[in-house]
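See below for the structure under consideration.
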There are 2 protein chains.
Amino acid sequence: MSGKPLSPQELRIWHAFKMMGEDVLERVGRDISDATGLSGADFGVLSRLADLGKGQMRQQVLAQSLGWDKSRLSHHLTRMQQRQLIERQEADQRVVLVVLTKQGKAKLDAARPIHAESIRRNLLARLSQQQIETIVRVSNLLGEDV
Amino acid sequence: MSGKPLSPQELRIWHAFKMMGEDVLERVGRDISDATGLSGADFGVLSRLADLGKGQMRQQVLAQSLGWDKSRLSHHLTRMQQRQLIERQEADQRVVLVVLTKQGKAKLDAARPIHAESIRRNLLARLSQQQIETIVRVSNLLGEDV
DNA sequence: GCAGCTTGGTTGTCGCGTCAACCACTCGGC
DNA sequence: GCCGAGTGGTTGACGCGACAACCAAGCTGC
């Protein structure tokens, strides 16, 4: 409410906060992509498919677990399908099953160690236990709906 | 490196970290956009133009201060130019000056208080002083190049 | 002079993400 | 029966972003 502009101090905090996420996300994404050709988004889809769904899952459940809307997922799956990472099967009409292909599984398996290593190098190894705990706590605070 | 997969604990940390940034960025961006039609990127361009350059700046300097590459900026400016938020003036050949238009300035002035309020509500007000200090420290740690 | 590098910027292409419109099916009520 | 609402998904349009190729201009050095 108070229309006061942000102080230089507040601006610094905001800037730091923005950079923190973007930097790390970008590095991890790039590591995966350089090594396997998968984007961070691809990796998210494939790993949920494998871990939560034993290789197959309904689109909407997948969307839910990614925090994506159905349109975004539909577009993304179309592209992944063209690259043979997944298939779509109509279970009964109306329900579409997303199925991990051999190739998708292979790429995922190739990407997992890269992903893990990158997260350790770019995030976990750089922070103290204290700091990590604060991150988790802060994330929960900020994730609450107003 | 150790090929070990991430533990559930490590995964939770990673997930928390990812969400933290995405949530808040998205909320602030949406607040600005709902109120003024400017994207977060537009706001960044306009505010740098106004604050760092007294309303005009060379493209490359602008790109530098945004952390964007020249191509991205060029594309974005083309779109902003079509919406009359900025103009491009060739100073001497070879150098292009980006100039804030009246409309751009007006939009920026409208957006500033929204931006400030949104950051306070979605970030600053939710955290303790301790936590904020940790964020800033962590951001610096993570921003260092390897 | 001119070959070659660097600098400042534009352009095309293509993957990504949002929004709104749409289709098809199911279910509840009347 | 049918009408309306909700659910699961697709589609098209359009802005955005990364990348690579390109076009000047200017700056060496010979």
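All values below come from the heavy atoms of this structure, side chains included, with hydrogens, waters and symmetry mates left out. So that the names make sense, note that chain A is the first sequence line, chain B the second, and so on, each numbered from 1.
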> Between atom CG in L85(B) and atom C1' in dC16(D), what is the gap in whole Å?
Replying inline: 15 Å
>> Donor-acceptor check, side chain of T101(A) to backbone of Q84(A), threshold 3.5 angstrom: yes or no?
In response: yes
>> In this structure, how many angstroms lie between the P atom of dG8(C) and the CD atom of Q89(B), rounded?
In response: 19 Å
>> If you assign R30(B) and S39(A) each to the DNA chain C nucleotide with the nearest heavy atom, which residue ends up on the more 5' nucleotide?
In response: S39(A)
>> What is the distance, to the nearest angstrom, from the CE atom on M57(A) to the P atom on dG8(D)?
In response: 15 Å
> Where do G143(A) and D23(B) come nearest, in terms of heavy atoms and distance?
Replying inline: CA-OD2, 3.5 Å
> What's the closest nucleotide to the R79(B) side chain, out of dG17(D), dC16(C), dA18(D)?
Replying inline: dG17(D)
> In a check of side-chain contact (heavy atoms from CB on, under 4.5 Å) between L6(B) and each of R120(A), R112(A), E117(A), which one passes?
Replying inline: R120(A)
> Rounded to whole angstrom units, what separation is found between the CG atom of L62(A) and the C1' atom of dT7(D)?
Replying inline: 17 Å
> In whole angstroms, how far is the P atom of dC19(C) from the NE2 atom of H76(A)?
Replying inline: 18 Å
> Does the side chain of Q82(B) come under 3.5 Å of the side chain of R79(B) through a donor N or O and an acceptor N or O?
Replying inline: no
Just the table, please: protein N/O against nucleotides 9-11 of chain D N/O, every pair under 3.5 Å.
unit_1  : atom_1 : unit_2 : atom_2 : d
dG9(D)  : OP1    : V96(A) : N      : 3.2
dG9(D)  : OP1    : V96(A) : O      : 3.3
dG9(D)  : OP2    : Q60(A) : N      : 2.8
dG9(D)  : N7     : K70(A) : NZ     : 2.6
dG9(D)  : O6     : K70(A) : NZ     : 2.6
dT10(D) : OP1    : R88(A) : NH1    : 3.2
dT10(D) : OP2    : Q59(A) : OE1    : 3.3
dT10(D) : OP2    : Q59(A) : NE2    : 2.7
dT10(D) : OP2    : S74(A) : OG     : 2.7
dT10(D) : OP2    : R88(A) : NH1    : 2.9
dT11(D) : O4     : S71(A) : OG     : 3.0

> Is there a donor-acceptor contact under 3.5 Å linking the side chains of R88(A) and T78(A)?
Replying inline: yes
> Which whole-number value in Å describes the distance from D69(A) CG to dC19(C) C1'?
Replying inline: 9 Å
>> Before you tell me yes or no, could you show the steps for E10(A) and W14(A) under side-chain contact (heavy atoms from CB on, under 4.5 Å), namely the whole-Å CA-CA distance, both residues' side-chain angles and the distance that decides it to 0.1 Å?
In response: CA-CA 6 Å; E10(A) 288 173 317; W14(A) 171 242; over 6 Å; no
> Rounded to the nearest Å, what distance is computed from the CH2 atom of residue W68(A) to the P atom of nucleotide dT18(C)?
Replying inline: 9 Å
> Separation of D42(A) atom CG from dC16(C) atom P, in whole Å?
Replying inline: 6 Å
